[in-house]
Each structure stands twice: as C-alpha cells, then as structure tokens.
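Let me begin by presenting the structure, written as structure tokens, before commenting on it.
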There are 2 protein chains.
Amino acid sequence: MFKYIFIYYLCPRNEFSDKMAKKELKEKDISTEEKIKEAAKLVFHKKGYAATRTRDIAEEANINLALLNYYFRSKEKLFTMIMVEALAGFFQQLSSVLNNTETSLETKIELIAQNYIDFLTKEPGIPLFILSEIRNNATFFIEKIPIQEVVLHSEFIKQYQTEVQKGNATEPNPIQFLMNVLGLVVFPFIAQPMLSHLAKIDSAQFNQLMQQRKKQIPIWVKAMMSAG
Amino acid sequence: MFKYIFIYYLCPRNEFSDKMAKKELKEKDISTEEKIKEAAKLVFHKKGYAATRTRDIAEEANINLALLNYYFRSKEKLFTMIMVEALAGFFQQLSSVLNNTETSLETKIELIAQNYIDFLTKEPGIPLFILSEIRNNATFFIEKIPIQEVVLHSEFIKQYQTEVQKGNATEPNPIQFLMNVLGLVVFPFIAQPMLSHLAKIDSAQFNQLMQQRKKQIPIWVKAMMSAG
DNA sequence: GTCTATAACGTGATAGAC
DNA sequence: GTCTATCACGTTATAGAC
C-alpha cells in the first residue's frame, strides 16, 4: 500500500494506475509481461541501464525481442518502471520505521537492522543499482522523492536530537549518526562483490554474516552513541 | 612506489613499464596525452564504462576524437588504465596501513580514517566506480589483486584476533569488524549523491562532515569493539 | 500475441590529408 | 601530432506476416 504512494509520487501522469487497472482486468497475459519485467529487474540491477541490452533482457526472459517493445514501449520506459519500484521499496522500508511515532529510538534502530537486512537479502543488488544510476543519470528520480520529509524531518531524527539534548548521545549532528547506522546496514551489500573475493565467501555464507549483524548492529550503535 | 607494485600486478605483459620509460624520454607530448587521461578518469569515474562515450571524453579534454585512439588504441585500453590506477590507489592506501608491523591496532584505525578520508576527498568517485564496474564487468580486475594477502592475512586482522583472544573485542569475526570500519569510512562517499539531496549539502559541506569523521571514527570503533 | 526481417540511429575506430 | 570524413558494427525499435 505504502509502496504505491511512492510509485504515485514518481510516475509522471497517471500511467501507473492505468497499468494496475489494466492488469486486474485480464489476468491471462500477465505471464509474459511479468516474465519480461522480472528479467529486466534482474539484468538492470546487475548491470545498470547503459550496460544492459534489450537482447539481454529478452534472452533472460526467454521471449522474443520484439515482445519487449510490444509490452513496454521502450527500454527507457521499462527501466523507469524498475527504478521506480526499487526506489519505492528502498524508501518504503526506511520511512515506515523512521516515521513511526509509537516506537522508541532504540526500537527503531532494531527495526532498521532487521527489516533492511531482510529486505536487502532478498534484493541485494538494489543499493548499488540505485546509487550508481543516480551518479550517472543525474538526479531525475531522486528529486521526485520526498526524501527530506521522509528522512531528514523524520521522527527518528527528532528523537535522536532529544537524546543529544538529554546528553545521551555525544555526536550532535544527526546526519553523521544516520550515516553510521545506514553504513552498518547497507555497506556490506554494496561491497559484497568485493568481499566475496576478499574472504572467499559464497552467497549463503554472506547471508549468514548478515543475519548475525541483525542482532549486533543495535548493540554497536548504542555503544557508538555514548562513546567519547 | 608501492602503487607501481599493484599496477605491475594488474598489467598484462609489460605494457606499463614501457609506457613509463617512453614517458620520461619525451616530455613534450605529455600534455595532450595527460589531458585525455585526466578527462577519461573524470568521465569514467562519474558514469562508468558502458555509459561513457569516447566523444564525452574527447569533449571533456578539449581534443579531437581521433586523438583518443591515436594515444590509447581503444576505449577499452584507456578504461583499463584508469581502472588499474583506481584499484592501485584504493588498495595501496589500505595495504600500507593494514600491513604495517610497527603500529598498534588503535593507530591503524586512526590511520585508516585519516588516510582514506583524505584520499577519498580527492577522489570521491572511486569507490562507487570500482564497485559498480566489478558488479557489471565480472571479476576480471579484482582477481588480479592479491586481495587476500593484503587484507585477509594482514597484520591488522592478526592484531584484531589477538584482541579477541585477550577479551578486548566482543565480535569474534574479523570480517564483521572490517566491514564496520570500512563502512564508517567509505559508505558516506558511496552515498554522497543521495545524501546531498537528503540534507541539501554541497560538496564543501560534505567535505567538512568527512573531516569531522576523521576524529570520530576511531572513537566510535573503539566503543563498538568493547560493546556487548 | 508472437514472430522475422529490417529500418534508423549511435558509437568506436580508422583512413588519409595536412 | 592533429584534423575531417567516413566506415563498420551493434543496438533499439518497428513494420508487417502469421
């Protein structure tokens, strides 16, 4: 549900809701359309926009190349759809925790660690995908996201600032604190391709390491807060 | 000096030393060649291999397109050169600290924070460049690096393991510890394009935040080590 | 909806004059 | 060494048969 709010934010005109309505009417031909979309997600996440050829996607989906343009008018439109969903997933996970007014700061950190690691374990390519495309493509997508309200003016940041005032946190800048928390959670997924060579760990071993981090990150963050 | 060891590792045949010898003989024509290389570095770091056109590089360098192929036979050869130097810089910084047998673990962490943040402030695009190219291009480059000896079997890791044995560190897995340290240092640079939108900070403000981190990271790491 | 064939275009690279 | 003009190729997208 929340995801759709983000998608609505990002989609020009009302293409998205039209698409959804269309989908629910005729369920027969979801199969191939969904196959293409899943393949596109896989390949785009792995190689980025510029490096993927529509032929790669067609091959991955086991469909004829022309069908890609039949269902999604162009490579760019297909890409936009994948990117919008990636951004929606990424920020939905974050926002639903950061802006909950009923949880404590401590609980929020636990939830970020748990939810994000679970989410990223399913979609490990998303952070590098988003960040590298923002770097290239300019800032089109990111500007569409209400990132300031969702993150900077979040309940999480406010709660941290009161902790600073109460003397329970030594680092006065909430941005530094946020970078620390996100770094602990997200960085391993970004560095995974290098880490797997560094330590010769496969995907299963990596996931195990991440599971261990779910419990440790709140402890580490707590220690950092009162450090100094 | 150390940089050249890495470059030697990475370069097929002896192209690199030939290149260096050639360079020192005739210094006149360094200018345009160097201009192209600097432009290539800028554009490749920003957009990655697939998204950059040789025309972009030529334009950035203010030279004729044909000169690019005259000096560097192909786009790929030019790219390889840029990537090799990026990897060399990245791992040289790391290795020179991690494998110093005369510094304590505590000092090493201070040096990593200081050296890496200084290095990345000059070359902020390198981490995302390296990681995204490894993700796409397969593992060609990274396999050429003696990453295990340099990182996994480093003095740094050994020192951490003895701290664990002495009961001074609660996290038994040195990989987790390494991810924490590198995450604190490197993650902000990877996330910069997103952070600058999140908090509306420009490049100068970002650098200031990183300078503050140089002092804080050792304190944070220390706190994390004895946490739990 | 699905296919084959092909058009239209962008890009890397080179030939050849200067 | 530097330039203009151009080739050769790969890729996106579509026309049109089935």
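All values below come from the heavy atoms of this structure, side chains included, with hydrogens, waters and symmetry mates left out.
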Original post:
So with a 6.0 Å cut-off around CD of A:Glu76, is the heavy-atom count from everything else above 12?
Top reply: no

Filtered N/O pairs between nucleotides 13-18 of chain D and protein, under 3.5 Å:
from: D:dA13; atom 1: OP2; to: A:Lys75; atom 2: N; distance (Å): 2.8

Subject >> For atom CZ of A:Arg53 and atom C1' of D:dT11, their distance in whole Å >> reply: 8 Å

**OP:** Using whole Å, report how far NZ of B:Lys77 lies from P of C:dG12.
**Re:** 16 Å

**OP:** Please list, chain by chain and in numerical order, all residues satisfying ring pair (Phe, Tyr, Trp, His ring centres under 6.0 Å) with B:Phe177, sequence neighbours excluded.
**Re:** B:Phe156, B:Tyr160

Original post:
Rounded to whole angstroms, how far apart are CD1 on B:Ile63 and P on C:dA13?
Top reply: 13 Å

**OP:** Go through the side-chain N and O atoms of A:Thr103 and A:Lys108 and say whether any donor and acceptor fall under 3.5 Å apart.
**Re:** yes

Original post:
Between A:Phe44 and A:Phe79, does the ring centre distance come in under 6.0 Å?
Top reply: yes

Original post:
Just how far, in rounded Å, is C1' of D:dG10 from CG of A:Asp56?
Top reply: 12 Å

Subject >> Whole angstrom value for the distance that separates C1' of D:dC3 from CD1 of B:Ile36 >> reply: 13 Å

Original post:
Mind checking whether B:Thr32 and B:Tyr71 have side chains closer than 4.5 Å, heavy atoms only?
Top reply: yes

**OP:** Return the value, rounded to whole Å, for the distance between atom CD of A:Glu34 and atom P of C:dG1.
**Re:** 13 Å

Validation: residues 182-203 of chain B side-chain donor-acceptor distances under 3.5 Å, sequence neighbours left out:
from: B:Ser196; atom 1: OG; to: B:Gln192; atom 2: O; distance (Å): 3.1
from: B:Ser196; atom 1: OG; to: B:Pro193; atom 2: O; distance (Å): 3.1
from: B:Asp202; atom 1: OD1; to: B:Ala204; atom 2: N; distance (Å): 3.2
from: B:Asp202; atom 1: OD1; to: B:Gln205; atom 2: N; distance (Å): 2.8

Original post:
Between B:Ile57 (CD1) and C:dT11 (C1'), how many Å, whole number?
Top reply: 12 Å

Subject >> d(CD, A:Glu33; P, C:dT2) in whole Å >> reply: 10 Å

